Amino acid sequence: MTNKILFIANWKMFGDLNSVKSIQSVINLSKKKNYKNAKIIYCPPYTLLNNFVIKTRKTNLDVGAQNCHYEINNGPFTGSISSTMIKKLGAKYVIIGHSENRSNGETNNLINKKIHSAILNNLNVIFCIGENLFEKKNKKTNKILKKQIGMGLKKIKKIDKIIFAYEPVWSIGTGKVLKNKELIKQVIIIKNIIENKFKNQKAKIIYGGSVNNQNINNLKQINEINGFLIGGASQNSKKFIDIIKKTIN
Ligand code: PEP
């Protein structure tokens with residue numbers, strides 16, 4: 001892995017005010033010379049976004065939201081948050097297209113609208129793609145990935161603010177991870193799909209799905225990826241630090 005290595009923590013629907021202080025040890029680690037190459041981004045639930053932005057001020061860490069509405073202006077959308085609100089708060093990233101939202105009815109078209117709104121607001125997008133078990137078993141993985149990328153990025157011209165998070169749905173929270181050889185093959189296919197669509201642009205791809213402090217020694221060998229999107233293991237600072245340390249050292 002070259003350049004900055006991304007460690008994106010997706011806290012999902014976990015965490016309360018008490019958990020904000022738990023990231024202090026991660027902040028301390030990020031200040032050490034050896035870890036200048038690690039780009040750590042926390043995506044807490046909306047209720048903690050402001051606290052995380054304040055906590056990470058004047059550090060190398062950044063903060064992202066876990067989703068956004070497609071509408072950039074204020075409006076009657078009960079329970080929703082716009083990319084404009086996220087930007088104004090001081091967060092710099094937003095996860096869009098996570099499989100846990102896709103499985104709740106989020107379509108490729110809706111994801112596309114959300115990505116446009118985030119880009120308009122100059123946010124970095126962590127764009128999640130990945131096949132489910134049924135699609136994998138039926139050898140539809142590449143077709144699905146192509147569709148998710150094609151429709152999700154319709155009318156998007158530049159991918160410099162997009163991080164592609166390859167997250168096989170069957171791998172999220174299950175402990176199951178592809179063998180390195182298969183994962184590398186899949187990442188290269190994704191890279192080709194993206195770079196065919198966006199000529200002369202470089203795709204930034206990270207991997208997500210059951211990354212933990214046990215399998216990281218293996219996963220860090222993969223040069224074709226730029227880092228990791230980490231769910232469960234990122235909510236425990238000790239485990240998260242262990243992952244970062246093992247990757248960097
Ligand atoms: C995720 O939800 O983005 C994720 C990668 O989860 P986990 O690490 O728990 O599999």
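Atoms within a ligand are numbered from 1 in the order they appear, just like the ligands themselves. All figures in this text were calculated on a predicted structure; none of them were measured in a lab.
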Any carboxylate oxygen within less than 4.0 angstrom of a Lys/Arg side-chain nitrogen, looking at [X] and [Y]?
X	Y	result
E224	K191	no
K238	D242	no
K113	E71	no

Would you mind listing every ring pair (Phe, Tyr, Trp, His ring centres under 6.0 Å) that reaches into residues 230-249, with sequence neighbours excluded?
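As it turns out, the ring pair (Phe, Tyr, Trp, His ring centres under 6.0 Å) pairs with a partner in residues 230-249, which skip direct neighbours, are Y42-F240.
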* Which word best sums up how the rings of W11 and F52 line up, parallel for under 30°, tilted for 30 to 60°, or perpendicular for over 60°? ->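 The rings of W11 and F52 stand perpendicular, inter-plane angle above 60°.
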Give the residue and atom name of whichever protein heavy atom lies nearest to [atom], and the separation in Å to one decimal.
atom	result
atom 1 (C) of ligand 1	H98 NE2, 3.2 Å
atom 3 (O) of ligand 1	E167 OE2, 2.8 Å
atom 2 (O) of ligand 1	K12 NZ, 2.5 Å

Please identify which atoms of ligand 1 are closer than 4.0 Å to at least one heavy atom of [X].
X	result
N10	1 (C), 2 (O), 3 (O)
L229	3 (O), 5 (C)
G232	7 (P), 8 (O), 9 (O)

Nearest heavy-atom pair of F127 and G152: which atoms, and what distance?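 For F127 and G152, the tightest heavy-atom pair comes out as CZ-CA, 4.1 Å.
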G231, any N or O under 3.5 Å of ligand 1 N or O: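 Yes - when backbone and side-chain N and O of G231 are compared with those of ligand 1, one distance drops under 3.5 Å.
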Any N or O of G208 that comes nearer than 3.5 Å to an N or O of ligand 1?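 For ligand 1, there is no N or O atom that lies under 3.5 Å from one belonging to G208.
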Measure the OG-CD distance between S99 and E131 for me, rounded to the nearest 0.5 Å.
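It is 10.5 Å, given to the nearest 0.5 Å.
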Quick one: does G209 get within less than 4.0 Å of ligand 1, heavy atoms only?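 True for this residue.
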